[in-house]
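Nothing fancy with the numbering, it's 1 onward along the sequence.
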Amino acid sequence: MGSIGEGFTFTVYRGSKDGSIVKSSTHQDDLKGDQVFLKITHSGLCGTDEHYRSADQVLGHEGAGIVQDVGPDVRDLKEGDRVGFGYLHNSCGRCEQCLTGKETFCPERVMYGMGDFHIGSFASHAVWREAYLFKIPDSIPNEYAAPLMCGGATVFNALEMYGVRPTDRVGIIGVGGLGHLAIQFAANMGCEVVVFSGTDSKKEEAIRLGAMEFYAMKGIEGPEQLPKIKPINHLLVTTSAKPDYALYSSILAPGATIFPLSVAEGNFEFPYMPMLLTGVRVQGSVVAPRAIHNKMMEFAAVHKIKPMIEKFPLSQEGIEKAFEHLDHGEMRYRGVLVAQD
């Protein structure tokens, strides 16, 4: 690794055409503006990383680490501070979306997989703008902070940005990497949390995390086979597979909102007349803008919300093993890569 006056050279782990993980290095010139040089101690493994595994880019977007050096325009961070970074790298700062705190929708945004292909959280270090780093609260260890940088920010943003109230019934489809965090956030906001999963295998866990009701959906082929369920005000879809929305249309309250939160190909399909007759809305949502991201971290600290994690070495072999675990559906529930030095 280089030093001031020489720039910085550090280890990164890239995807490749055949999906194998490639250990490489990248070089960054001396720090400019509000750039921050940080040592990565932990990185979350997100399902979205799987989508870029065959791309020639540094993988990872759930970083947590320690500041080692700062550029000349850095104002609030100093050496030794613990910080994290997520999906959003940069935005223009002057468009309507940026000026109203919705910079994740900026037309010039730079997000994971869209630019800055030479940096990511599967690495020994990173250079990141201070404006897009998040201080980690003292009560949250880095290993738990890393998955909050995308997983936590994604589910919290849906609840915070779009006006979910403590008196609402919030349905959550799936108890996985996103779902188990969504249960905790919604329950601690005071919502009635209703969980839908394939089988009863995760029922006790969902109840322990804060769910009030749990329904196993495997084998249910139509709305008429559903038990009597009090209408849902918001439905967070956290599974990688798109659900059969015909099963859920009958239990959505008038004006209910559906939040598809996981990445999937293809089209969104919903029964046409039930949508019209009940005023159901479908709300697209991505990770949190910075103001909401900071609220998420504060909320998680106050309410002691933390992801359930499995640890793997932050190495070529460790990354491949973590991906294999994720691919086989064995992760409970967020993989975390841990630096070995």
Side-chain angles (χ1 to χ4, degrees), residues 42-50 61-62 64 84 86-87 139-160 164 168-218 232 234-243 259-264 285 287-288 293 296-297 299-312 322 325-337:
H42 299 80
S43 171
L45 173 67
C46 180
T48 308
D49 294 317
E50 185 68 49
H61 59 279
E62 291 185 334
Y87 212 82
S139 62
I140 303 180
N142 280 14
E143 63 187 32
Y144 295 115
L148 295 178
M149 296 298 150
C150 176
T154 296
V155 298
F156 188 86
N157 186 62
L159 298 167
E160 173 72 17
V164 176
D168 289 339
R169 280 172 59 82
V170 175
I172 297 169
I173 301 179
V175 185
L178 292 179
H180 88 289
L181 288 169
I183 294 169
Q184 294 181 72
F185 279 116
N188 279 282
M189 287 178 176
C191 301
E192 294 180 35
V193 178
V194 184
V195 172
F196 301 92
S197 188
T199 68
D200 282 324
S201 64
K202 298 178 181 178
K203 181 176 181 178
E204 289 186 11
E205 200 161 62
I207 299 299
R208 188 167 63 250
L209 291 170
M212 292 186 176
E213 300 170 35
F214 184 100
Y215 299 97
M217 301 296 285
K218 187 176 182 179
I232 304 293
H234 303 279
L235 186 65
L236 277 62
V237 182
T238 71
T239 53
S240 56
K242 293 189 291 291
F259 297 93
L261 297 180
S262 53
V263 176
S285 181
V287 293
H293 192 121
M296 179 272 298
M297 296 297 292
F299 191 92
V302 169
H303 295 280
K304 298 179 173 58
I305 294 171
K306 66 180 184 180
M308 298 171 63
I309 64 173
E310 292 190 43
K311 299 178 186 179
F312 303 85
H325 210 54
L326 182 66
D327 292 342
H328 292 165
E330 299 170 346
M331 197 75 78
R332 286 289 186 103
Y333 285 110
R334 301 293 287 192
V336 174
L337 303 167

Could you tell me if the side chain of [Y] sits less than 4.5 Å from the side chain of [X], heavy atoms only?
X	Y	result
C191	R169	no
H42	L337	no
L159	L236	yes
H61	T48	yes
Y144	I309	yes
E160	N157	no
D200	F214	yes
C46	R334	yes

task: Could you grab the distance from atom CG of L181 to atom CG of L148, nearest 0.5 Å is fine?
output: 6.5 Å
query: Passes side-chain contact (heavy atoms from CB on, under 4.5 Å), M297 versus M149? Steps please.
result: CA-CA 9 Å; M297 296 297 292; M149 296 298 150; 3.8 Å; yes
D168-H234 side chain donor-acceptor pair, cut-off 3.5 Å: yes
Between [X] and [Y], is there a donor-acceptor pair closer than 3.5 Å when you use the side chain of the first and the backbone of the second?
X	Y	answer
S197	V175	no
D49	L45	no
E50	D327	no
E62	G151	yes
H180	G177	yes

- prompt: Under 4.0 Å between a Lys/Arg side-chain N and an Asp/Glu carboxylate O for K202 and E205?
  reply: no
- prompt: Can we say R332 and E310 salt-bridge, meaning some charged N sits less than 4.0 Å from an Asp/Glu carboxylate O?
  reply: no
message: Counting neighbours of NZ on K203 that are heavy atoms of other residues, nucleotides or ligands and sit closer than 6.0 Å, is the number greater than 12?
response: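 12 or below, so no.
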- request: Apply side-chain contact (heavy atoms from CB on, under 4.5 Å) to the pair V170 and E192, showing each step before the final yes or no.
  value: CA-CA 6 Å; V170 175; E192 294 180 35; over 6 Å; no
task: Over 60° means perpendicular and under 30° means parallel, so classify the ring planes of F299 and F185, tilted if in between.
output: tilted
- request: Begin from the C-alpha positions of I172 and F196 and carry the test side-chain contact (heavy atoms from CB on, under 4.5 Å) through to its verdict.
  value: CA-CA 6 Å; I172 297 169; F196 301 92; over 6 Å; no
- prompt: Passes side-chain contact (heavy atoms from CB on, under 4.5 Å), L235 versus I173? Steps please.
  reply: CA-CA 7 Å; L235 186 65; I173 301 179; 3.8 Å; yes
field: Output field: ring centroids H325/F312 closer than 6.0 Å
entry: yes
